[in-house]
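Input: a single structure, listed below in structure tokens.
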Amino acid sequence: MADRGGAAGALCSHLRGTSQLVTEAVGGVVDTVEAMHRNISGLAPIVGAPRKGPTRGITGLVYRSVRVISRAAGVGIDAGLDQFAPLLNYQGVSLKRERALATLNGVLGDYLVATDNPLAIPMCFRKEGAALQSGRASLESAFPEPSTRLLVMVHGLCMNDLMWQRGDHNHGDELARSLGYTPLYLHYNSGRHISTNGQAFADVLERLVQEWPVPVDELVILGHSMGGLLSRSACHYGRAAGHTWPDRLSKLVFLGTPHHGSPLERIGNRVDTLAGVSPYVAPIGRLGKIRSAGVKDLRYGNILDEDWEAFEPEHPHDARAAVTLPEGTDCYAIAATTQSRADAAGVYTRGDGLVPVMSALGLHHDESRALPIPLSHQSVFYGVNHFDLLDSPAVYERIHGWLADH
């Protein structure tokens with residue numbers, strides 16, 4: 001009896017320990033998502049102190065509810081995520097709700113898909129936060145005066161289509177007014193593998209071109225951060241599938257795209273040492289390996305399935321297959337640096353806070369990996385951070401000049 005009692009006691013102890021670990025994991029997930037959401041929605045500086053205090057409103061209530069339930073019942077991550085249901089039940093367009101969902105998907109997007117969680121963001125084009133329905137009739141209704149020139153806007157990690165609007169400026173809307181494009185905004189789950197999203201994006205673009213109310217003469221893609229990698233992946237898979245849209249893709253513009261990865265992801269489990277440097281990255285460090293597939297793809301800039309399929313998620317080496325730029329498409333790269341100017345040797349010692357200048361320009365010490373973007377198609381902007389690329393007047397003028405040049 002004593003042995004049985006001891007065994008039962010040990011089992012209970014193990015169960016309590018397991019329950020505690022699960023509860024702490026839920027708390028860690030919630031802390032991560034809330035911290036990322038707070039920093040993104042509050043536009044915290046790329047480098048500097050993070051935003052303090054809890055989020056407010058409906059999202060704050062959701063985060064608090066998850067913590068209370070997980071502490072009281074020792075629930076798992078799935079049950080904890082169920083408490084985000086109010087985000088789905090909200091009627092209308094709420095910037096805070098959209099940012100919370102985008103952040104959650106950026107951090108745990110692959111997990112949400114694997115568990116059929118309704119919080120997972122489906123890929124689609126949206127207009128003013130509402131999903132566009134497929135089919136020519138639906139597109140004709142949404143765009144009464146469609147242009148033959150399409151401008152597709154692709155957001156980055158933990159972001160959404162509404163975040164192209166920054167203050168009073170939106171690159172897409174301005175280019176539509178000045179150059180006659182019809183802008184379309186892609187909305188997607190940035191926590192999935194870039195190659196997975198790339199294949200879906202290629203299919204979505206093909207349907208768009210086939211169903212657009214008028215013949216498409218020109219297609220231009222503007223990708224910010226991860227959005228540029230996603231666009232390159234879609235070009236590769238679209239061509240491989242025999243799609244027609246790559247033949248219409250005249251120009252591809254990258255804004256702060258980590259073509260060769262971001263050092264912040266490469267430090268992996270050591271990312272928590274940057275807690276005092278970047279409020280956008282510090283929350284991820286709390287969970288170490290619990291980073292989405294999308295985040296891990298940013299380690300070196302993976303855009304193909306074979307870049308990750310045969311390797312462990314924490315594989316420390318650059319195993320990418322060399323992928324050149326799409327043939328027949330003019331490609332342009334904009335990089336930013338928080339420096340006020342280049343140093344005496346002409347070296348950029350700082351990037352935009354998340355992406356090094358060399359990576360954003362597609363430059364690499366290995367010539368087989370370097371992207372052949374002409375110098376005339378490259379620009380570096382000083383005193384600009386990663387998110388300033390979305391509303392910098394100088395950046396907009398450069399994009400405008402490139403797209404206006406036929």
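We use all heavy atoms of the structure for the numbers below, so side chains are in, but hydrogens, waters and symmetry mates are not.
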Roughly how far apart are [X] [atom1] and [Y] [atom2], rounded to 0.5 Å?
| X | Y | atom1 | atom2 | answer |
| --- | --- | --- | --- | --- |
| Met226 | Thr257 | CE | OG1 | 10.5 Å |
| Tyr111 | Arg192 | OH | CZ | 15.5 Å |
| Leu230 | Leu157 | CG | CG | 12.0 Å |
| Tyr185 | Asp161 | OH | CG | 9.0 Å |
| Leu162 | Leu95 | CG | CG | 6.0 Å |
| Leu184 | Leu219 | CG | CG | 9.5 Å |

Regarding [X] and [Y], is there a side-chain donor-to-acceptor distance under 3.5 Å anywhere?
| X | Y | value |
| --- | --- | --- |
| Asp366 | Ser368 | yes |
| Thr148 | Glu218 | no |
| Asp305 | Ser195 | yes |

So [Y] and [X], do their side chains get closer than 4.5 Å, heavy atoms only?
| X | Y | result |
| --- | --- | --- |
| Asn302 | His193 | no |
| Trp212 | Phe143 | yes |
| Leu325 | Phe254 | yes |
| Gln210 | Thr244 | yes |
| Ser262 | Ser359 | no |
| Thr196 | Val113 | no |
| Asp203 | His243 | yes |
| Thr329 | Cys235 | no |

Which pair of non-hydrogen atoms, one from [X] and one from [Y], has the smallest distance, and what is that distance?
| X | Y | answer |
| --- | --- | --- |
| Asp388 | Gly383 | OD2-O, 4.5 Å |
| Ala360 | Ala333 | O-CB, 3.5 Å |
| Leu361 | Ser379 | CD2-O, 4.0 Å |
| Pro326 | Cys331 | CD-SG, 4.1 Å |
| Leu390 | Arg166 | CB-CD, 4.0 Å |
| Arg149 | Leu403 | NH2-O, 4.2 Å |

Donor-acceptor pair, distance only, cut-off 3.5 Å: does the side chain of [X] make one with the backbone of [Y]?
| X | Y | value |
| --- | --- | --- |
| Asn189 | Asp110 | no |
| His224 | Phe387 | no |
| Ser190 | Cys158 | yes |
| Glu309 | Phe311 | no |
| Asp352 | Val357 | no |
| Ser233 | Ile303 | yes |
| Asn160 | Met163 | yes |

Around atom [atom1] of [X], are there more than 12 heavy atoms from other residues, nucleotides or ligands closer than 6.0 Å?
| X | atom1 | result |
| --- | --- | --- |
| Glu128 | CD | no |
| Arg398 | CZ | no |
| Met358 | CE | no |

Partners passing salt bridge (Lys or Arg N to Asp or Glu O under 4.0 Å) against [X] (at least two apart in sequence or in another chain):
| X | answer |
| --- | --- |
| Asp330 | none |
| Glu174 | Arg177 |
| Arg248 | none |

**Prompt:** In terms of ring plane angle, is the pair His169 and His171 parallel, tilted or perpendicular, where the classes change at 30° and 60°?
**Reply:**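 Judged by the thresholds at 30° and 60°, the geometry between His169 and His171 is perpendicular.
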
**Message:** Please evaluate residues Leu205 and Val209 with respect to the criterion side chain to side chain contact (heavy atoms under 4.5 Å, CB included), reporting the C-alpha separation (whole Å), side-chain torsions for both, the decisive distance (0.1 Å), and the verdict.
**Reply:** CA-CA 6 Å; Leu205 283 172; Val209 169; 5.6 Å; no

**Complete:** The ring pair (Phe, Tyr, Trp, His ring centres under 6.0 Å) partners of Tyr188 (sequence neighbours excluded) come to His155

**Message:** Which residues pass the ring pair (Phe, Tyr, Trp, His ring centres under 6.0 Å) test with Tyr332, not counting sequence neighbours?
**Reply:**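 For Tyr332 the ring pair (Phe, Tyr, Trp, His ring centres under 6.0 Å) partners, ignoring immediate neighbours, are His377, Trp402.
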
**Request:** Apply the test side chain to side chain contact (heavy atoms under 4.5 Å, CB included) to residues Leu389 and Val384: give CA-CA distance (whole Å), side-chain angles for both, the deciding distance (0.1 Å), then the verdict.
**Result:** CA-CA 7 Å; Leu389 290 168; Val384 173; 4.2 Å; yes

**Message:** Run Leu119 and Leu101 through side chain to side chain contact (heavy atoms under 4.5 Å, CB included) and show every step you take.
**Reply:** CA-CA 7 Å; Leu119 292 167; Leu101 279 173; 3.6 Å; yes

**Item:** Stepwise side chain to side chain contact (heavy atoms under 4.5 Å, CB included) check, Leu354 with Ser225
**Value:** CA-CA 9 Å; Leu354 291 179; Ser225 195; 5.9 Å; no

**Pairs touching residues 134-147 that satisfy side chain to side chain donor-acceptor pair (under 3.5 Å), sequence neighbours left out** = none

